[in-house]
Amino acid sequence: MMADWSWERAREALPVLWDGFQITLLATLLGFALAAVLGLVIAIIRQTMPRWIAGPVHAVSEFVRLTPLVVQLLFAYTLLTQFSALQIGIVVLGIHYSSYLAEVYRAGIEAVPKGQWEAARALSLPPTRTWRAVVLPQAIRASLPALGTNAVSMFKDTPFLFAISVVELVTAAQQFGARNFAYLEAITMAGIFFLVASYPTSVLIRRLEKRLAYY
């Protein structure tokens with residue numbers, strides 16, 4: 001028989017879930033900031049550096065992208081005992097998603113019209129200025145929808161932090177449910193938290209994709 005819903009238990013769960021949501025949000029924001037920067041560095045290295053440098057960087061990025069996030073979390077948590085679980089979780093999320101964002105940036109860079117590169121060479125712009133003033137603004141602009149989609153994906157992947165004992169939103173819901181025999185309310189409320197946070201972002205991403213399509 002299905003458990004009966006209790007609004008009182010749902011209200012009691014809110015403060016606990018809010019604390020877990022803040023951890024989830026912190027891990028997402030800091031992890032994505034790291035992923036955005038590191039992914040851009042990887043993409044630029046692959047486009048500009050000699051093969052003996054770009055090749056190993058690409059190989060490491062592929063290894064990170066193709067191995068499970070949970071395995072990476074557990075490995076880092078076991079190895080880096082001097083750091084807190086949350087710190088490890090943020091860094092591992094950032095490194096893991098940097099491998100995806102590197103591909104996003106690479107696609108954006110390759111989408112820059114050849115005429116832009118040729119114009120920069122015709123003006124005798126140095127390579128650093130060509131990248132800074134011509135290539136990257138266009139590449140990042142073209143990459144924005146995909147970057148947003150990956151940010152939402154990272155947000156939804158934060159429950160994997162349970163593997164290293166980080167009490168994020170889903171773990172907080174499970175713990176509350178175990179203590180109060182209120183799994184139905186706690187897990188449902190956690191799902192609502194994810195929906196309320198993710199849906200507006202998804203709508204904005206779709207609007208951004210449509211707007212960029214006109215340019």
Side-chain angles (χ1 to χ4, degrees), residues 1-36 64-78 80 83-101 104 144-211:
M1 181 177 179
M2 186 174 179
D4 294 328
W5 176 273
S6 169
W7 287 107
E8 181 179 353
R9 289 196 295 264
R11 285 193 298 270
E12 290 173 356
L14 276 176
V16 176
L17 297 180
W18 176 249
D19 290 341
F21 177 73
Q22 292 182 76
I23 297 298
T24 290
L25 193 60
L26 178 65
T28 301
L29 292 176
L30 296 182
F32 190 77
L34 174 60
V64 170
R65 186 166 64 90
L66 297 175
T67 52
L69 176 59
V70 171
V71 173
Q72 295 169 14
L73 286 166
L74 290 171
F75 177 79
Y77 185 64
T78 303
L80 306 173
F83 298 102
S84 71
L86 181 57
Q87 290 172 330
I88 291 171
I90 290 170
V91 172
V92 171
L93 278 172
I95 293 174
H96 184 80
Y97 268 86
S98 71
S99 63
Y100 291 95
L101 298 192
V104 171
L144 285 176
L147 293 176
T149 299
N150 277 274
V152 174
S153 295
M154 179 184 287
F155 177 65
K156 293 189 294 184
D157 276 350
T158 53
F160 285 119
L161 297 179
F162 85 93
I164 57 173
S165 305
V166 175
V167 185
E168 38 65 54
L169 179 56
V170 173
T171 302
Q174 290 177 322
Q175 291 180 353
F176 179 87
R179 289 194 303 267
N180 299 276
F181 303 100
Y183 284 104
L184 175 63
E185 292 81 4
I187 297 299
T188 301
M189 296 294 288
I192 292 172
F193 268 90
F194 274 105
L195 177 62
V196 170
S198 299
Y199 182 72
T201 306
S202 299
V203 172
L204 289 174
I205 292 169
R206 287 197 295 270
R207 289 182 178 178
L208 182 61
E209 288 176 338
K210 291 179 180 178
R211 178 171 296 183

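All values reported here derive from a predicted model rather than from experimental measurement.
M154 CE to T149 OG1: the interatomic distance, rounded to the nearest 0.5 Å, is 13.0 Å. In this structure, CZ in F21 is found 9.5 Å from OG1 in T158, a value given to the nearest 0.5 Å. How far CG of L34 is from OH of Y97: 13.5 Å, rounded to the nearest 0.5 Å. Rounding to the nearest 0.5 angstrom, the gap separating the CZ atom in R9 from the CG atom in L14 is 14.0 Å. The structure places OG of S84 at 7.5 Å from CD1 of I90, a figure rounded to the nearest 0.5 Å. Rounded to the nearest 0.5 angstrom, N150 CG and D157 CG are separated by 10.0 Å.
Contact of the V64 side chain with the I95 side chain is registered, since non-hydrogen atoms from C-beta on lie closer than 4.5 Å. For the pair F75/V92, no side-chain contact is recorded, criterion being any heavy-atom separation below 4.5 Å from C-beta on.
Using the six-membered ring where Trp is involved, F155 and F194 have ring planes that are tilted, between 30° and 60° apart.
Nearest approach of V70 to A163, heavy atoms of both residues: CG1-CB, 4.2 Å. Taking all atoms of both residues into account, the shortest heavy-atom contact from I187 to A173 is CD1-CB, 3.9 Å.
Between the side chains of T171 and Q174, not a single donor N or O lies within less than 3.5 Å of an accepting N or O.
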Check against side chain to side chain contact (heavy atoms under 4.5 Å, CB included), L161 and L93: CA-CA 9 Å; L161 297 179; L93 278 172; 4.3 Å; yes
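Between the Q72 side chain and the T67 main chain, a donor and an acceptor come within less than 3.5 Å of each other. Although no hydrogens or angles enter the test, the distance criterion places a donor-acceptor pair under 3.5 Å between the side chain of T24 and the main chain of L169.
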